[in-house]
Amino acid sequence: MAEKKSVAELKAIASQVRRDIVRMVHSCQSGHPGGSLGCTDFFVALYFHEMNHDPKFNMDAKGEDLFFLSNGHISPVFYSVLAHSGYFPVKELATFRKINSRLQGHPATHEHLPGIRIASGSLGQGMSVAIGAAEAKRLNKDDSFVYVLMGDGEQQEGQVWEAAMYAPNHKLDHLIATIDWNGQQIDGPTAKINDLRDLRAKYEAFGWEVIESNGNDMEGILAALQKAKSLAGKGKPVMNLMKTEMGAGVDFMMGSHKWHGVAPNDEQLAEALGQLEETLGDY
Amino acid sequence: MTKFEILGKNDTRSGFGVGLLEAGQQNPNVVALCADLIGSLKMDAFIKEFPERFFQVGIAEANMMGIAAGLTIGGKIPFTGTFANFSTGRVYDQIRQSIAYSGKNVKICASHAGVTLGEDGATHQILEDIGMMKMLPGMTVINPCDYNQTRQATVAIAKYEGPVYLRFGRPKVPIFIKEDMPFVIGKALKLVEGNDVSIFATGHLVWEAVLAEEILREKGISAEIINIHTIKPLDEKAILDSVAKTGCAVSAEEHQMNGGLGDSIAQTLATHSPLPQEYVAVKDSFGESGVPEQLMEKYGLNAAHIVEAALKAIDRKRKK
Ligand SMILES: Cc1ncc(C[n+]2csc(CCOP(=O)(O)OP(=O)(O)O)c2C)c(N)n1
Ligand SMILES: [Mg+2]
């Protein structure tokens with residue numbers, strides 16, 4: 001396992017990952033910067049502090065923590081964090097969404113990109129896969145953690161609730177799920193499209209241990225993940241309701257759903273990069 | 001020179017958008033549903049004019065299909081809108097039981113079909129939808145070729161009673177079907193008369209077939225181009241009449257070779273008039289991210305591939 005980074009180091013990595021995200025979507029003029037930027041701090045905390053994982057990459061990951069991205073459209077942040085963790089060369093980020101690339105628009109195993117264990121992109125499926133992997137770990141007597149991230153709009157999919165019902169009933173207490181609670185989806189605010197209402201009450205009613213956190217505050221995320229781990233092993237899966245700001249780190253991408261899936265033009269790229277310090281070197 | 005003039009360029013999904021508005025204006029029973037993709041499906045104009053006849057269901061396609069089925073009970077004509085992948089594979093059993101088997105008048109309108117959706121990649125690029133939908137008893141399957149034909153098809157299906165799968169796409173492509181050209185569900189449209197080979201194309205591949213005709217003509221080959229916008233029910237008569245003259249066929253579609261238009265044509269030929277046929281289609285593979293034109297080339301779906309297939313079909317005919 002890689003050494004745990006300090007909070008200052010984590011923040012520096014997050015700044016570079018945000019630069020990568022806007023540069024990647026600008027380069028192919030497609031992709032999803034909003035949710036990627038909003039979840040950057042969480043990904044960095046997971047991969048550079050919380051998770052026990054090996055960038056040499058073994059699909060079965062025995063004895064390692066696992067992470068599944070259910071809201072696959074935020075692939076830019078996933079790819080950048082995997083690359084900086086050492087799963088594949090950082091310069092490969094330049095191929096994102098281009099023909100013959102391993103960095104598909106949505107995460108895929110088909111091209112064998114190290115770090116990816118399941119395809120995602122069609123929403124609502126990731127928690128079921130995470131449950132399966134957690135069941136496999138239990139059979140293997142491996143008490144590592146299984147993490148899964150979902151979108152809040154994604155909660156509108158019925159399959160999410162099939163999975164939500166299963167996990168507590170099967171006492172999957174090494175499963176730590178997080179919802180990117182940014183209040184936005186493609187057509188507008190989730191509250192207007194199909195209101196999620198009281199997510200805490202819903203998950204508690206299904207039998208989850210529920211915590212809430214601020215996903216754009218590094219100390220807050222680390223504390224929440226520590227809390228989640230401390231709640232593990234007590235017969236219940238843990239749900240981390242994580243408030244984020246879509247577009248976090250780039251002021252003009254924040255405050256609405258508009259940058260869910262739009263690429264910046266040249267001027268917007270320059271403006272965004274002006275707000276994000278280059279800490280590890282651009283790819 | 002191709003036999004058709006390019007009248008402009010637009011995406012077929014925009015043809016759906018204007019057609020939906022028109023259908024809504026013509027019939028107050030036309031209603032629309034969407035699963036968080038209003039902009040991508042170009043449904044804004046309908047929603048603006050008929051807000052009370054629009055239902056935003058959120059990211060819940062299975063629920064959308066069930067609600068659409070229910071809306072028909074009471075005489076509504078629901079048009080569902082989402083990407084082709086989430087309109088078919090995602091909700092196959094909901095369509096099968098609540099719409100097809102129950103014989104409900106739902107119009108399943110599916111954008112971003114095929115590899116030409118581009119950068120989003122294989123998770124979204126469905127290439128199996130025509131097959132899945134045509135296998136359902138009673139389902140009509142239509143894949144129009146340009147903006148004008150998609151508008152025509154959208155208006156036409158509102159007037160037709162029964163479940164329909166309407167498939168269209170994302171990229172801006174040439175408009176070449178004149179507004180006054182006929183559109184009749186189940187009736188093939190002959191675009192170019194020819195004697196040496198029949199090219200049956202659907203969707204985005206129809207324009208490629210028109211381009212291929214020009215290249216073949218320069219080689220001294222006379223190709224007949226037939227636009228099969230309705231894959232089911234298939235216009236068998238048009239197909240058999242054409243091959244009776246040309247003696248060989250090429251099918252062209254942005255879909256898997258397994259289960260698409262080509263297989264429907266092969267079935268017709270095998271049962272009525274066995275003749276050489278070549279497929280222009282995706283050969284048992286998933287797509288990938290990239291620019292539409294690059295993907296059309298890599299997956300064997302452009303005019304050059306149609307030309308190659310036509311030459312092969314003619315060669316097989318001569319060797320018979
Ligand atoms: C099954 C399915 N339906 C629709 C889509 C299209 N789609 C992609 S992202 C998205 C919105 C997701 O909202 P949310 O989970 O809140 O993610 P955010 O916009 O916050 O990044 C939709 C509808 C999809 N990818 N999968
Ligand atoms: Mg959201």
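On a predicted model such as this, the values are computed, not experimentally measured, just so you know. Naming convention: chains lettered A, B, ... in sequence-line order (proteins, then strands); numbering from 1 in each chain.
Within a 6.0 Å sphere centred on CD of B:Q97, heavy atoms belonging to other residues, nucleotides or ligands number 12 at most. For B:K48, the NZ atom is loosely surrounded, since the number of other residues' heavy atoms within 6.0 Å does not exceed 12. Dense packing is recorded around CG of A:N169, with more than 12 heavy atoms of other residues, nucleotides or ligands lying under 6.0 Å away. Around OH of B:Y101, the count of heavy atoms belonging to other residues, nucleotides or ligands within 6.0 Å does not exceed 12. Taking a 6.0 Å sphere around CZ of A:R117, one finds it holds more than 12 heavy atoms contributed by other residues, nucleotides or ligands.
Considering A:Q104, A:H106, A:K98 in turn, A:Q104 is the only one that fulfils the side-chain contact (heavy atoms from CB on, under 4.5 Å) rule with B:S289.
A heavy-atom distance below 4.5 Å is found between the side chains of A:I99 and B:E288. Looking at A:N100 and B:K298, their side chains come closer than 4.5 Å, going by heavy atoms from C-beta outward. Using a 4.5 Å heavy-atom threshold, the side chains of B:L37 and A:I186 count as touching. In this structure the side chain of A:H73 never reaches within 4.5 angstrom of the side chain of B:H124, judged on heavy atoms.
Neither the backbone nor the side chain of A:Q29 comes within contact range of chain B, judged by heavy atoms closer than 4.5 Å. Interface residue B:D120: backbone and side-chain heavy atoms are both found under 4.5 Å from chain A. Both the backbone and the side chain of A:S122 come within contact range of chain B, each with at least one heavy atom under 4.5 Å from a heavy atom of that chain. No part of B:V291 comes within reach of chain A, as not one of its non-hydrogen atoms sits under 4.5 angstrom from that chain. Of the atoms belonging to A:S120, it is backbone heavy atoms, and not side-chain ones, that fall under 4.5 Å from chain B.
Interface check for chain A: of the options B:R90, B:E61, B:Q294, the most heavy-atom pairs under 4.5 Å are formed by B:R90. Ranking A:Q156, A:R97, A:K192 against chain B, the residue ahead of the rest is A:R97, based on heavy-atom pairs under 4.5 Å. Here B:G58 is the residue among B:G121, B:G58, B:G89 with the most heavy-atom pairs under 4.5 Å with chain A.
Contact record, B:T123 with A:G121: OG1-CA, 4.3 Å, taken as the closest heavy-atom pair.
Ring geometry, A:H110 versus B:F286: the interplanar angle exceeds 60°, so the pair is classed perpendicular (tilted spans 30 to 60°).
Annotation: the span from A:D187 atom CG to B:L41 atom CG amounts to 9.5 Å, rounded to 0.5 Å. Here CG of B:D36 is found 9.0 Å from CG of A:L123. Values are rounded to the nearest 0.5 Å.
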